[in-house]
Colleague: 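Below is one structure. I have some questions about it.
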Amino acid sequence: ALLPILSYPDPRLRTIATPVKEVTAEIKTLITDMIETMYEAQGIGLAASQVDRHIQLIVIDLSEDKDSPRVFINPKVTPLVEEKQSYEEGCLSVPDVYDKVERPNKVRIEALDQDGNAIDEEVEGLLAVCIQHEMDHLSGVIFVDYLSRLKQTRARDKVRKVLKIREKQG
Ligand SMILES: O=C(O)C[C@@H](Cc1ccccc1)C(=O)SCC(=O)c1ccccc1
Ligand SMILES: [Zn+2]
């Protein structure tokens, strides 16, 4: 099922997500719904926080054919290099706003997958950027928080406009 995505500056996006204790059937359904919602919204990632579920769960799919989703439960990210790379980020909770954010380009990701198997990988490039962007969501951080006050104000105005247009489209 498609889930509603919270829009900036909704305060619920600032909630700190809690660890997943057990991958229940309900959580497996949530994972399926998040993947469907991510594809429909044309995103490459989605954090549970964005669909108002405050548990440490992320889905990502960087594939061309949108047919290889990855699930990260209770993820932990450790930067592996000092230098930062800047990347033009977007966010499904801040529609039509894109801006550069600097992040470490290579990170170690430790997590569980939906079957409870351990994930422990070194990743770089867009996957590293996306994982750090999603991890921020689980800590109540949104990428516009890294931008200037002026850009944050512009982002709020832009989201308001986009939501009005979407309302009219019904
Ligand atoms: O809001 C989200 O978490 C999804 C977000 C993930 C993300 C995209 C780009 C950089 C970091 C994190 C999106 O999928 S935004 C929409 C999108 O598909 C996209 C935007 C910019 C670059 C590449 C993809
Ligand atoms: Zn986002």
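Nothing fancy with the numbering, it's 1 onward along the sequence.
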Colleague: With hydrophobic residues grouped by side-chain heavy-atom distances under 4.5 Å, do Val141 and Val129 end up in a single group?
Modeller: no
Colleague: If hydrophobic clusters are built by linking Ile, Leu, Val, Met, Phe, Trp and Tyr wherever their side-chain heavy atoms come under 4.5 Å apart, do Ile60 and Leu112 end up in the same one?
Modeller: no
Colleague: Atom OG of Ser86 and atom CD of Glu102: how far apart are they, to the nearest 0.5 Å?
Modeller: 5.5 Å
Colleague: Check the pair Arg70 / Val59 against side chain to side chain contact (heavy atoms under 4.5 Å, CB included), numbers first and verdict last.
Modeller: CA-CA 6 Å; Arg70 297 204 61 184; Val59 297; over 6 Å; no
Colleague: Under the 3.5 angstrom rule, does the side chain of Gln50 hit a backbone N or O of Ala47 as a donor-acceptor pair?
Modeller: yes
Colleague: Would the distance check show the side chain of Asn105 and the main-chain N or O of Gly125 forming a donor-acceptor pair, the cut-off being under 3.5 Å?
Modeller: yes
Colleague: Can Glu110 and Arg108 be counted as an ion pair, charged N to O under 4.0 angstrom?
Modeller: yes
Colleague: Just wondering, are more than 12 heavy atoms of other shown residues or ligands nearer than 6.0 Å to CD in Gln42?
Modeller: no
Colleague: Any non-hydrogen side-chain atom of Val162 less than 4.5 Å from a side-chain atom of Ile165?
Modeller: no
Colleague: Do the side chains of Gln132 and Pro104 get nearer than 4.5 Å, heavy atoms only?
Modeller: yes
Colleague: Please answer whether the main-chain N or O of Ile142 pairs with a side-chain N or O of Asp145 as donor and acceptor at a distance below 3.5 Å.
Modeller: yes
Colleague: Does this structure show an ion pair linking Arg160 with Asp157, if we count only N-O contacts that are shorter than 4.0 Å?
Modeller: yes
Colleague: Does the pair Glu83 and Lys106 meet the rule for a salt bridge (charged side-chain N to carboxylate O under 4.0 Å, His left out), with working shown?
Modeller: CA-CA 9 Å; Glu83 69 265 18; Lys106 193 171 179 190; over 6 Å; no
Colleague: Ile119, Ile35: one ILVMFWY side-chain cluster at the under-4.5 Å cut-off?
Modeller: no
Colleague: I'd like to check Pro95 versus Arg166 (side-chain heavy atoms, cut-off strictly below 4.5 Å). Are they in contact?
Modeller: yes
Colleague: Can you find a heavy atom in the side chain of Met34 that is under 4.5 Å from one in the side chain of Val51?
Modeller: yes
Colleague: Do Val123 and Ile131 pass the side chain to side chain contact (heavy atoms under 4.5 Å, CB included) test, and can you show the C-alpha distance, the side-chain angles, and the key distance before you say yes or no?
Modeller: CA-CA 9 Å; Val123 298; Ile131 282 174; 4.2 Å; yes
Colleague: Who passes side-chain contact (heavy atoms from CB on, under 4.5 Å) against Pro75, sequence neighbours left out?
Modeller: Gln56, Ile58, Phe72, Ile109, Ala111, Met135, Leu138
Colleague: Looking at Arg103 and Asp136, is any side-chain nitrogen of the basic one under 4.0 Å from a carboxylate oxygen of the acidic one?
Modeller: yes
Colleague: When rounded to the nearest 0.5 angstrom, what is the spacing between CZ in Phe143 and CD in Glu89?
Modeller: 7.0 Å
Colleague: Could you state the interatomic distance from OH (Tyr146) to NE2 (His133), rounded to the nearest 0.5 Å?
Modeller: 9.5 Å
Colleague: Can you tell whether the side chains of Asp99 and Lys151 come within less than 4.0 Å, N to carboxylate O?
Modeller: yes
Colleague: Output the distance between atom CZ (Arg53) and atom CD1 (Ile31), rounded to the nearest 0.5 Å.
Modeller: 10.5 Å
Colleague: Is a donor on one side and an acceptor on the other found under 3.5 Å between the side chain of Lys66 and the backbone of Asp61?
Modeller: yes
Colleague: If you look at every heavy atom in Ser49 and Leu6, which pair is closest and at what distance?
Modeller: O-CD1, 3.6 Å
Colleague: Under the 3.5 angstrom rule, does the side chain of Glu40 hit a backbone N or O of Glu36 as a donor-acceptor pair?
Modeller: no
Colleague: Is there a path of hydrophobic side-chain contacts, each under 4.5 Å between heavy atoms of I/L/V/M/F/W/Y residues, joining Leu92 to Leu13?
Modeller: no
Colleague: Do any N or O atoms from the side chain of Asp115 and from the backbone of Asn117 form a donor-acceptor pair under 3.5 angstrom?
Modeller: no
Colleague: Would a distance-only check, ignoring hydrogens and angles, find a side-chain to backbone donor-acceptor pair under 3.5 Å from Asp33 to Ala1?
Modeller: yes
Colleague: Say you draw a straight line from CD1 of Ile27 to OG1 of Thr32; how long is it, rounded to the nearest 0.5 Å?
Modeller: 12.0 Å
Colleague: List the atom of Cys130, the atom of Gly45, and the distance in Å for their closest heavy-atom pair.
Modeller: SG-CA, 4.1 Å
Colleague: Keeping the roles fixed (side chain from Ser93, backbone from Tyr8), state whether a donor-acceptor pair exists under 3.5 Å.
Modeller: no
Colleague: Linking Ile, Leu, Val, Met, Phe, Trp and Tyr by side-chain heavy atoms under 4.5 Å, what else ends up with Leu2?
Modeller: none
Colleague: Determine, stepwise, if the pair Thr29 / Thr24 fulfils side chain to side chain contact (heavy atoms under 4.5 Å, CB included).
Modeller: CA-CA 9 Å; Thr29 303; Thr24 61; over 6 Å; no
Colleague: Determine whether Leu57 and Val71 make a side-chain contact, defined as any pair of heavy atoms from C-beta on separated by less than 4.5 Å.
Modeller: yes
Colleague: Got a donor-acceptor contact below 3.5 angstrom from the Asp10 side chain to the Arg12 backbone?
Modeller: yes
Colleague: Does any non-hydrogen side-chain atom of Leu30 lie less than 4.5 Å from one of Ile55?
Modeller: yes
Colleague: Under 4.5 Å between any side-chain heavy atoms of Ile5 and Leu46, yes or no?
Modeller: yes
Colleague: Which pair of non-hydrogen atoms, one from Pro69 and one from Tyr39, has the smallest distance, and what is that distance?
Modeller: CD-OH, 3.4 Å
Colleague: Give a yes or no on this: more than 12 heavy atoms of other residues, nucleotides or ligands lie within 6.0 Å of atom NZ of Lys161.
Modeller: no
Colleague: Is there a path of hydrophobic side-chain contacts, each under 4.5 Å between heavy atoms, that joins Val77 and Ile44?
Modeller: yes
Colleague: Measure across Ala155 and Val94 and return the closest heavy-atom pair with its distance rounded to 0.1 Å.
Modeller: CB-CG1, 4.2 Å
Colleague: So, do Val107 and Thr78 sit near enough that their side-chain heavy atoms are less than 4.5 Å apart?
Modeller: no
